[in-house]
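Reviewing the structure listed below.
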Number of protein chains: 2
Amino acid sequence: MKMHNPPHPGEVLRQLCLEPLNLTVTDAARSLGVSRKTLSSILNGHAGISPEMAVRLSIAFNTSSESWLNQQVQYDLWHAEKNRKSLHVDRLSAA
Amino acid sequence: MKMHNPPHPGEVLRQLCLEPLNLTVTDAARSLGVSRKTLSSILNGHAGISPEMAVRLSIAFNTSSESWLNQQVQYDLWHAEKNRKSLHVDRLSAA
DNA sequence: CGGCCTGTAACCATATAGGTTACACTCGTG
DNA sequence: CACGAGTGTAACCTATATGGTTACAGGCCG
């Protein structure tokens with residue numbers, strides 16, 4: 001049921017992609033074709049991974065864009081689920 | 001490789017949830033706790049499914065919020081991938 | 001000291017989700 | 001026919017998010 005607090009995709013990006021290749025944020029941002037600030041925001045958890053960014057990452061690191069966006073979904077959903085009880089929604093399934 | 005044009009999650013929502021229960025857009029919106037316009041925008045493909053909306057759907061229809069957001073990711077990614085060639089990104093994997 | 005890398009603040013443009021209100025259209029039914 | 005219900009959507013507002021540029025302060029190192 002994936003009860004764990006999922007890491008922000010930016011952390012994963014830094015640990016799995018930048019550090020192994022000894023890439024600086026500045027260099028990686030240039031290679032990805034985005035500003036240093038944009039990449040920094042992601043790496044430090046201040047921004048999410050957009051669909052376009054997922055495609056950029058898939059090109060640069062030869063991965064699947066899906067995997068990056070799925071990580072983002074897990075992260076977003078974990079936070080959205082925390083407010084589940086505060087939403088007033090009627091159950092319609094077993095109506 | 002999932003090369004098919006994924007349907008907009010709003011279509012799926014209408015066909016799999018509203019129609020089987022004979023739910024009107026007006027009633028479903030009220031039950032979900034959102035405005036009729038918000039639900040209508042989703043159903044007609046003018047808006048995506050947000051994390052919070054995914055949780056609402058999961059409550060109302062006793063489904064998983066993840067499945068709704070995953071559908072949205074598939075849809076968004078399919079469109080983002082169409083611009084893959086127009087992005088200037090350096091390959092860093094086999095650097 | 002001086003250069004490089006970094007995080008980040010300030011400010012901008014753009015896009016999206018969501019709300020309210022209002023309008024025009026289509027149906028079904030009295 | 002007339003009316004109400006349901007619908008899509010335009011107009012307008014707010015809040016939030018991505019992303020860009022520029023600039024600054026701090027850390028690290030030769």
Side-chain angles (χ1 to χ4, degrees), chain A residues 8-11 13-15 17-60 65 68-69 71-73 75-80 82-83 86-89 92, chain B residues 8-11 13-15 17-60 65 68-69 71-73 75-80 82-83 86-89 92:
Chain A
H8 189 283
E11 293 180 37
L13 178 57
R14 171 169 263 147
Q15 294 171 10
C17 299
L18 299 205
E19 292 182 351
L21 295 176
N22 257 65
L23 277 171
T24 67
V25 178
T26 305
D27 285 346
R30 187 169 42 239
S31 293
L32 286 166
V34 300
S35 73
R36 182 170 67 87
K37 180 216 156 194
T38 296
L39 180 55
S40 179
S41 291
I42 294 174
L43 292 175
N44 293 287
H46 300 312
I49 295 189
S50 66
E52 184 184 300
M53 183 60 67
V55 175
R56 289 182 189 275
L57 292 174
S58 75
I59 298 174
S65 53
W68 290 109
L69 269 198
Q71 281 186 64
Q72 189 62 52
V73 161
Y75 183 82
D76 291 343
L77 215 41
W78 190 83
H79 291 285
K82 294 200 300 187
N83 300 349
S86 71
L87 305 175
H88 351 140
V89 179
L92 293 169
Chain B
H8 188 282
E11 293 180 39
L13 177 57
R14 172 169 263 146
Q15 294 171 10
C17 299
L18 299 204
E19 292 181 353
L21 295 175
N22 257 64
L23 277 172
T24 66
V25 178
T26 305
D27 285 345
R30 187 171 40 240
S31 293
L32 286 166
V34 300
S35 73
R36 183 170 67 87
K37 181 217 157 194
T38 296
L39 180 56
S40 180
S41 291
I42 294 173
L43 292 174
N44 293 288
H46 300 312
I49 295 189
S50 66
E52 183 184 300
M53 182 61 67
V55 175
R56 289 182 189 276
L57 293 174
S58 75
I59 298 173
S65 54
W68 290 110
L69 269 198
Q71 282 186 62
Q72 189 63 52
V73 160
Y75 182 82
D76 290 343
L77 215 41
W78 191 83
H79 291 284
K82 295 199 299 186
N83 300 348
S86 71
L87 305 174
H88 350 138
V89 178
L92 294 168

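Worth saying up front: this structure is predicted, and the values here are computed from it rather than measured. Here is how names work: the chains are called A, B, and so on, in the same order as the sequence lines, proteins then strands, and each is numbered from 1.
Rounded to whole Å, the distance from CD1 on B/Ile49 to P on C/dA17 is 10 Å. Regarding B/Leu32, its CG atom lies at a distance of 10 Å from the P atom of C/dG19, rounded to whole Å. Taking atom CG of A/Leu18 as the reference point, atom P of C/dC5 lies 14 Å away to the nearest angstrom. The distance between atom CD of B/Glu19 and atom C1' of D/dT7, rounded to the nearest whole Å, is 14 Å. D/dT18 atom C1' lies 18 Å from atom CH2 of A/Trp68, rounded to whole Å. A straight line from NE2 of A/His8 to P of D/dT18 spans 8 Å, rounded to a whole angstrom. Rounded to whole angstrom, the span from the CG atom of B/Asn22 across to the C1' atom of D/dG6 amounts to 13 Å. Between A/Leu57 atom CG and D/dG19 atom P the separation is 10 Å, expressed in whole Å.
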- Task: Spell out protein contact along nucleotides 6-16 of chain C as letters: B when the base is contacted, S when just the sugar-phosphate is, - when no protein heavy atom is under 4.0 Å; keep the 5' to 3' order.
- Result: BBB--------
- Message: Output one letter per nucleotide in nucleotides 25-30 of chain D: B when a protein non-hydrogen atom lies under 4.0 Å from the base, S when only the sugar-phosphate is that close, - when neither is.
- Response: ------
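End-to-end axis angle of the helix from C/dC1-D/dG30 to C/dG30-D/dC1, using five pairs per end and rounding to 10°, comes to 10°.
With sequence neighbours excluded, the residues satisfying side chain to side chain contact (heavy atoms under 4.5 Å, CB included) with A/Asn83 are A/Ser86. B/Ser41 pairs by the side-chain hydrogen bond (donor to acceptor under 3.5 Å, both in side chains) definition with nothing, not counting sequence neighbours. Residues passing the side-chain hydrogen bond (donor to acceptor under 3.5 Å, both in side chains) test with B/Ser58, sequence neighbours excluded: A/Arg84. Considering only residues two or more places apart in sequence or on other chains, A/Glu52 meets the side-chain hydrogen bond (donor to acceptor under 3.5 Å, both in side chains) condition with A/Arg56. Looking at residues two or more places apart in sequence or on another chain, you find a ring pair (Phe, Tyr, Trp, His ring centres under 6.0 Å) between B/His79 and B/Tyr75. Partners of A/Ser31 under the side chain to side chain contact (heavy atoms under 4.5 Å, CB included) rule, at least two apart in sequence or in another chain, are B/Asp90, B/Leu92. With sequence neighbours left out, B/Ser35 forms a side-chain hydrogen bond (donor to acceptor under 3.5 Å, both in side chains) with B/Thr38.
Rounding to the nearest 0.5 Å places CG of A/Leu32 at 9.0 Å from CG of A/Leu23.
Under the 3.5 Å distance criterion, the side-chain polar atoms of A/Gln72 are matched with a main-chain donor or acceptor of A/Ile49. Checking side-chain atoms of B/His8 against main-chain N and O of B/Ala47 turns up a donor-acceptor pair under 3.5 Å.
Among residue pairs with one or both ends in residues 30-43 of chain A, those qualifying as salt bridge (charged side-chain N to carboxylate O under 4.0 Å, His left out) are A/Asp27-A/Arg30; sequence neighbours excluded.
The phosphate of C/dG18 (OP1 or OP2) has no side-chain N or O of B/Thr38 nearer than 4.0 angstrom.
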